[in-house]
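The structure is given below, and queries will be raised subsequently.
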4 protein chains.
Amino acid sequence: MTIQVKVNEPERLMTQPPHVHYVPPDFTKGTLAQAPAARTTTIERDGVLPDGFFATTNLPTYIKEEDGRWVLPREPRMDGVLLRAADGTWFVREGRRVKKGDTIALGLAEDGSEGIFVHAHGFVTGESAGGDFHFMSSQVSREKPIDYALIARMLVDEKRRGGYVLWVTGPALVHSRARDNLVWFLRNGYVQALLAGNAVAVHDIEAAVVGTTLGMTADGAPSAGGHAAHMRAINAVRRSGSIAKAVQDGIIKEGIMHACVVEEVPFVLGGSIRDDGPLPDVLTDAVAAQEAMRAHAVKATMAVMIATALHSIAVGNMLPAYYEDPSRGIVELPTICVDASEFLVSKLKDRGTHQAVGVVTNAQDFMSILRAAVEREVQGLATA
Amino acid sequence: MTIQVKVNEPERLMTQPPHVHYVPPDFTKGTLAQAPAARTTTIERDGVLPDGFFATTNLPTYIKEEDGRWVLPREPRMDGVLLRAADGTWFVREGRRVKKGDTIALGLAEDGSEGIFVHAHGFVTGESAGGDFHFMSSQVSREKPIDYALIARMLVDEKRRGGYVLWVTGPALVHSRARDNLVWFLRNGYVQALLAGNAVAVHDIEAAVVGTTLGMTADGAPSAGGHAAHMRAINAVRRSGSIAKAVQDGIIKEGIMHACVVEEVPFVLGGSIRDDGPLPDVLTDAVAAQEAMRAHAVKATMAVMIATALHSIAVGNMLPAYYEDPSRGIVELPTICVDASEFLVSKLKDRGTHQAVGVVTNAQDFMSILRAAVEREVQGLATA
Amino acid sequence: MTIQVKVNEPERLMTQPPHVHYVPPDFTKGTLAQAPAARTTTIERDGVLPDGFFATTNLPTYIKEEDGRWVLPREPRMDGVLLRAADGTWFVREGRRVKKGDTIALGLAEDGSEGIFVHAHGFVTGESAGGDFHFMSSQVSREKPIDYALIARMLVDEKRRGGYVLWVTGPALVHSRARDNLVWFLRNGYVQALLAGNAVAVHDIEAAVVGTTLGMTADGAPSAGGHAAHMRAINAVRRSGSIAKAVQDGIIKEGIMHACVVEEVPFVLGGSIRDDGPLPDVLTDAVAAQEAMRAHAVKATMAVMIATALHSIAVGNMLPAYYEDPSRGIVELPTICVDASEFLVSKLKDRGTHQAVGVVTNAQDFMSILRAAVEREVQGLATA
Amino acid sequence: MTIQVKVNEPERLMTQPPHVHYVPPDFTKGTLAQAPAARTTTIERDGVLPDGFFATTNLPTYIKEEDGRWVLPREPRMDGVLLRAADGTWFVREGRRVKKGDTIALGLAEDGSEGIFVHAHGFVTGESAGGDFHFMSSQVSREKPIDYALIARMLVDEKRRGGYVLWVTGPALVHSRARDNLVWFLRNGYVQALLAGNAVAVHDIEAAVVGTTLGMTADGAPSAGGHAAHMRAINAVRRSGSIAKAVQDGIIKEGIMHACVVEEVPFVLGGSIRDDGPLPDVLTDAVAAQEAMRAHAVKATMAVMIATALHSIAVGNMLPAYYEDPSRGIVELPTICVDASEFLVSKLKDRGTHQAVGVVTNAQDFMSILRAAVEREVQGLATA
């Protein structure tokens, strides 16, 4: 027997290669060396773009200035345009925010030949394994191991480093005991902004005020008159005037929204067509809600998206695939997407958030295992 | 051999018992006979309800007047309150629309004992089969037959009778050849209102203007610079000022939105947090969009929901489970919900739209088979 | 504010009402009082039944004897026939096992009118909630809370009481760290029989011998030549002659199959058309494999089915919905079915295993939370 | 406006690039030029392999002979070994079929350096689109268009060319009107072999004999005593002795199995652990069933897999990714996999059947649209 025997190492489970690093382009060679400066034009009407505007991706994108320097724009995202501010700084902006007189970049090519270079292959991993025929090569599958230890380590690192972690969540997190765990993450400094919709707050407040979610008790049973419970909860907050006021009034005594208010974690509740109420804090205008979420997205150093197709794709749209760190340069923006089916994660990638790492599981189970892993990681650091 | 041999009858496939009928309650008996008149109160602040407000369901609901008559409210839906207008007519109204001075009903009981009776078991079918142990008893499953002939017959009946059929659709319908089929239904009078989001219109107009959807060609392949195609399509419409204007300007020459404009089928595009653009016609305010969709929901005699979780649940929330027909009395409101997974239909039912009949299939396949079935049904009537 | 405030009690989460109890039928009343004795006939050919044979369900079924007594058959299951042994004892038997000269029961009616009564409504719960309109009324949904504490309590109870718990598993349990947890359950006495297929053993042994599963390392990455790893593992066992021999030979040093051998937990590996190898221990004949599994099913007092459509439905078919306990009488047989999608659980119920309680989650997450819950339960009992 | 306007061409929808062609390796260059002849060894014990055996993939694989020629083995499949017959011909063989004294190839490298070359990148498509950032780049998604016209054209081509098309199906095809369509394909020469399990035949024969499937009528309703219907159907065939005999006896008068018998289309029914009965024709031994299916797989020029995880993966395992055509050389073996969820197709690819093209839809809808497309294709050819 010459078969190599290797002991299983469960503590080394990984969802993604941790040693991804960015290799900047070499502007002294090939097409890039000969590239002209990017062309620009002036906007003639608010919110209307000229033909041939350059449309951004979420990848590192370099713009060649007249003086030959290549610069990265600020506030990157996909589906925007490149706008040069009065002081010469480049920004990525949504088309609707462009005003008459603004200067934006033109160009269709992404290979630098028109002065703009989209660096699609800058992130390098060491991963490689001999041969071309493999089993289990799909990117997202319930059959792949989930590396909770790695995700926990990333969260603890972000906290230590003063990172900005966005949590994007759907109401499945509130229907069940995942709620207590999200409160734990809020109270312990792992959440820098909570992005969600009306339903998350409604179910959470229904649980706090009436003790049910959509009239279902914590043990999954229906309750008498339960279908009205969320309406009564909404009404109680409307009477107070806002969620913060309802916390102050002693109406909301515990839960996710309570923790946000008490811990001063900012939250954005984006309105949707299916909202009951809505709660007074909900931004019912989709554009206003986008701007509010975008204000957090531009600061993000990590994103955790759980059990929400709508908000995961929304935030994915406005999130760059990387961020610039003062000391580490360009860093891939870790994006964890948790859902019960492979479909959502594939869809998120299909909408361009290719950096998303999918975790196919039940949201409440994810939360309880992740919390335990973070507690272990913190304990490990304390005793190390 | 005494086994009963029965020939298979594919033309009689059914998704639901077609002979559902409504049996009104007997108010002369039991609790109902002794019920008091419903209690009411006056609203003190706009959009804030008193404790103990009666919360509506989507089922037939009878209110006992002071004079002993039992009346049905107009514009029924779930999650509303019962409001008595100045002329004594009862309406169902969303809490946010209630104004200071309005009169609304109070009560928690739904059995009539407080003067309000929710008639949960009024719809009767003849269905029954001996024995209690059956296989295949789940309500929604990809393994159940789909009765396209019945759905076709219902659509043709609605058209003949002058019904009001809502179509609620997601963008999956536009990614593929289902688009042509939806145009066919629009052009042939089977759609009285189209309720959707920005994405449906964006992808449709991208297809009309650029020839791709999300940069994917009709054969599923990527196209050069394709990720910007939808941004260019949106920009073209923004330049025109509206979808109707873009049709007039010759920018949009075919497709779903073109058919809506040309055939004068009203459409409502509700904004969402994940919208690109959005298009000028999109109602970005969620409450305004709800009101606009609700204006169609109160007229509905049938609803077809295809490949959209967000809008199916949104419209399901505002849709009664029945409608009153001048000649036929109370009629169950047929609600077809098409999705690739059982989960959406179960979720829709879990949100109270219990009358929904689920069709678990691919949206584009649904559309092509349904169109063929409608064509057959029309032909059959012509030659009969 | 008069809204009732109730504190959330996460420790009381329930997947099913724990107070289900069985109420025997009253044979002195109605149809049952007048029922004739069951008719019987004699089998003429091995494995061939007469027209009109009585086909069993998995529910408590009473047969009326000539002397007027109603008796329950032994070894109940669905899709069998009622066979009276020479000593008068009734058994449920698969049609293929019936021999010439055997006596079996005839009858189509299940209401007792032909001397056989299927008691479909004997299990009673206290559950009830006022009103008929509820949200969240679906039986199986990822949005329902999972009561790990209850499942843990049931497992610990079974162990204490000397119950017989079947674990039915698919290979997803081996692809990931769930493997270590299953070993833990095996080593700690919570598994009385392991029913699975070739793949579970192959992947487990590949992990033990080569350190990968289907060539995927524990961190989800491919390995050089990895597609052949399972073939090399199979070959190593074939060389030893059996799994037990390979453990003895020191080829298999850890893992699920190792624990089965060392802890003397019986296992049945049923062959299937998609098997590689197969391993020497696999029962390649489907009928032989069924008989071997059935020998465990007749002893079962609980079943846990994880991430396997094939084996869950197979075992569900041969598992009664109840068992007779010497002290407690007829008891519902707890059946937990864990899968990543609602579909499998619905399908299992559609095949008649209506007592199954569905847990919609990732198999590896289920195992790690359940193990923690069992550890907590045991600790709680120790300190109580 | 300079946006390029392109008319949508629904008739050109494609699921895969039709112009895939194979480019043989250049053996005169690089590693291949210097490769040694493949090493071999002699088997010492039946069904047991030596360490270091070469494990096959389903890709074109070249073996270097002592005389310097590179040859392809016959009957390729994954998970086999390379066996040299007495006359020097190479075959791929399952490990269990290898006998004492046989000669097999050794080697771990797949790049030719040990005399065996796995040609993973021989199939070339023209596909390419500028830029690296695309939406909709996932391989399998319900949102991708399905090119029924192309699949139809492929089926018609196969028939004309005398190809050998395997149909691999699950019971979902029988629960609904897809049954009639499969009969149509059988009767019209589009099926050269039907590979399935007991359930397909049982449900089909239940439908033929009793008129239900699992006791569900064709309209999806339960029937009295319906849970026993399939047992009665099985019993009727057992009495006749075989399916063919039951057709002869007039017991089975229509349906899928009837069409197979009458049209002389060979079928293999592989047994499984969940089988009721089983029917007399079922190969209950998994190894025997594999051999029987493999006899068809080695002849396959196309495979259509519908709604079966078990059999799709089983047949995928034994199916090469290509075949050798006398006139066209090496041709990719078209493999269509139809399922209601993306998961199965991803899983099939994860098990190495990477050439599979996924169609995510309902099986019955797939069948009816495909039949219509084939009828159109045939008509088009007739009138062209």
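Computed from heavy atoms alone, side chains included, the values below leave out hydrogens, waters and symmetry copies. A, B, ... follow the sequence lines: proteins, then strands. Residue 1 opens every chain. Note that the structure is predicted; figures quoted are calculated from it, not measured.
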Test side chain to side chain contact (heavy atoms under 4.5 Å, CB included) applied to D:Met231 and C:Val81, step by step
CA-CA 10 Å; D:Met231 303 308 295; C:Val81 296; over 6 Å; no
Using atom types as modelled and distance alone, determine if a side-chain donor or acceptor of D:Arg238 lies under 3.5 Å from a backbone N or O of C:Gly47.
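Looks like yes, one N/O pair under 3.5 Å.
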Apply side chain to side chain contact (heavy atoms under 4.5 Å, CB included) to residues C:Arg239 and D:Asp51 and explain how you reach the verdict.
CA-CA 11 Å; C:Arg239 187 178 291 156; D:Asp51 292 341; 3.3 Å; yes
Answer yes or no: is there a donor N or O on one side and an acceptor on the other, between the side chain of C:Arg232 and the main chain of D:Phe53, under 3.5 Å?
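Side chain of C:Arg232 to backbone of D:Phe53, a donor-acceptor pair under 3.5 Å: yes, one is there.
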Need one label for C:Gln290: side chain, backbone, both or neither, based on atoms under 4.5 Å from any heavy atom in chain D.
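Interface part for C:Gln290: both.
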Which heavy atom of D:His230 sits nearest a heavy atom of C:Asp79, and at what distance?
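Minimum heavy-atom separation between D:His230 and C:Asp79: CE1-OD1, 3.3 Å.
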Report the distance from atom OG1 of C:Thr284 to atom CG of D:Leu283, rounding to the nearest 0.5 Å.
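Separation between the atoms: 11.5 Å.
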Against chain D, label C:Pro50 side chain, backbone, both or neither, depending on which of its atoms sit under 4.5 Å from a heavy atom there.
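Only the backbone of C:Pro50 comes within 4.5 Å of chain D.
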Closest non-hydrogen atom pair, D:Asp276 against C:Arg77:
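D:Asp276 and C:Arg77 have their closest heavy atoms at OD1-NH2, 4.2 Å.
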Of the listed residues (C:Gly95, C:Ala55, C:Ala288), which shares the most heavy-atom pairs with chain D below a 4.5 Å separation?
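So the answer, after comparing C:Gly95, C:Ala55, C:Ala288, is C:Ala55.
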Top residue by heavy-atom pair count (under 4.5 Å) with chain D, among C:Val48, C:Ile273, C:Val315?
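Looking at each option in turn, the highest pair count goes to C:Ile273.
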Is chain C contacted by the side chain of D:Arg96, its backbone, both, or neither, given a heavy-atom distance below 4.5 Å?
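Both parts, backbone and side chain.
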Let's test your reading of the structure: which of C:Ala309, C:Ser312, C:Ser272 forms the most heavy-atom pairs below 4.5 Å with chain D?
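Maximum pair count with chain D is reached by C:Ser272.
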